[in-house]
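Here the structure is laid out as structure tokens; the discussion comes afterwards.
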Amino acid sequence: MAAAREELQKDLEEVKELLTKATRKRLRDVLMTEKHKLELEIKNQPPLKPKDAAEEEKSSLGGYTVKINNYGWDQSDKFIKIYISLNGVQKLPAENVQVNFTERSFDLLVKNLNGKNYTMTFNNLLKPISVEGSSRKIKTDMVLVMCRKKREEKWECLTQVEKESKEKEKAAYDTSDPSEGLMNLLKKMYAEGDDEMKRTINKAWVESREKQSKGDIPMDI
């Protein structure tokens, strides 16, 4: 949406530039008609949503932008608290530290901290938050983002994606058959492991089959 508005604005500026150079009445009439048309289109563009405004703000930033991946969090009955460490952030003007909240997300933007910009986005929060009741605090070398819970209930994690990931992992090991649970664990280790890990698992599997063939206690892996 912001890109479309920007293109219309560029077209309008070019038409205005051509108007200053045009001398023929017919050409000027055509350009004036186009100018009014573009101005009407820009006027009828829907207002920028908070997220679009944040994206537009980011695109206009100079310098190097760093995505923040490290953070800590905890919670009280009323708030989810996210702690982001940024050296010297307390020295910035307050307007350089911005947080946009929606019911299920927030977007942090820290501008011009030691020549860099920092961003962090959380989408699909586990539960709804109150936009009006949420805020941010600037502390020494730290930004504290406070998301006001809509319901005073405990969150087991921050996002829906984290919850689904944990449930899948739990389902992989949550079985009444111990040997099946072991198999699932080994399959996961094999899929995610390096070549050395895969060789080790293959060796264990071969040795277990050899024990079975000799009548030893089976180890079904």
Quick one: pull up [atom1] in [X] and [atom2] in [Y] and give me the separation to the nearest 0.5 Å.
{"X": "L27", "Y": "L18", "atom1": "CG", "atom2": "CG", "result": "8.0 Å"}
{"X": "L113", "Y": "L92", "atom1": "CG", "atom2": "CG", "result": "5.0 Å"}
{"X": "M120", "Y": "D107", "atom1": "CE", "atom2": "CG", "result": "10.5 Å"}
{"X": "E167", "Y": "E162", "atom1": "CD", "atom2": "CD", "result": "12.0 Å"}
{"X": "T20", "Y": "L31", "atom1": "OG1", "atom2": "CG", "result": "10.0 Å"}

Is there a path of hydrophobic side-chain contacts, each under 4.5 Å between heavy atoms of I/L/V/M/F/W/Y residues, joining [Y] to [X]?
{"X": "M32", "Y": "L12", "result": "yes"}
{"X": "Y64", "Y": "V97", "result": "yes"}
{"X": "F101", "Y": "M146", "result": "no"}
{"X": "L86", "Y": "L144", "result": "no"}

Residues in side-chain contact (heavy atoms from CB on, under 4.5 Å) with [X], at least two apart?
{"X": "S105", "answer": "T102, N123"}
{"X": "Q90", "answer": "I138, T140, D141"}
{"X": "V161", "answer": "T159"}

- Can you tell me which residue pairs pass the ring pair (Phe, Tyr, Trp, His ring centres under 6.0 Å) test with a partner in residues 104-130, sequence neighbours excluded?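 Sorted pair list: Y71-F122, F106-F122.
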
- salt bridge (charged side-chain N to carboxylate O under 4.0 Å, His left out) partners of residues 90-104, not counting sequence neighbours, each pair once: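 Every salt bridge (charged side-chain N to carboxylate O under 4.0 Å, His left out) pair that includes a residue of residues 90-104, provided the two are not neighbours, is E103-K150.
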
- Query: Of all residues at least two apart in sequence or in a different chain, which pass the salt bridge (Lys or Arg N to Asp or Glu O under 4.0 Å) check with K16?
  - Reply: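 Testing K16 for salt bridge (Lys or Arg N to Asp or Glu O under 4.0 Å), a comparison that skips the adjacent residues, returns none.
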
- Message: Which residues pass the salt bridge (Lys or Arg N to Asp or Glu O under 4.0 Å) test with E17, not counting sequence neighbours?
- Response: K21

Qualifying residues under side-chain hydrogen bond (donor to acceptor under 3.5 Å, both in side chains), relative to [X], sequence neighbours excluded:
{"X": "Q9", "value": "E13"}
{"X": "K127", "value": "none"}
{"X": "D29", "value": "K25"}
{"X": "E14", "value": "none"}

Quick one, [X] and [Y] - any side-chain contact, counting heavy atoms below 4.5 Å?
{"X": "R136", "Y": "L108", "value": "no"}
{"X": "Q160", "Y": "L126", "value": "yes"}
{"X": "V89", "Y": "M142", "value": "no"}

- Message: Tell me the closest heavy-atom pair linking S134 and C147, and the distance in Å.
- Response: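 Scanning both residues, the minimum pair turns out to be OG-CA, 3.4 Å.
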
Could you tabulate the donor-acceptor pairs under 3.5 Å formed by side-chain atoms of residues 74-85, not counting sequence neighbours?
residue : atom : partner : partner atom : Å
D74     : OD1  : Y83     : OH           : 3.4
D74     : OD2  : Y83     : OH           : 3.4
Q75     : OE1  : K149    : NZ           : 2.8
Q75     : OE1  : W155    : N            : 2.9
Q75     : NE2  : W155    : O            : 2.7
S76     : OG   : K78     : N            : 3.4
S76     : OG   : F79     : N            : 3.1

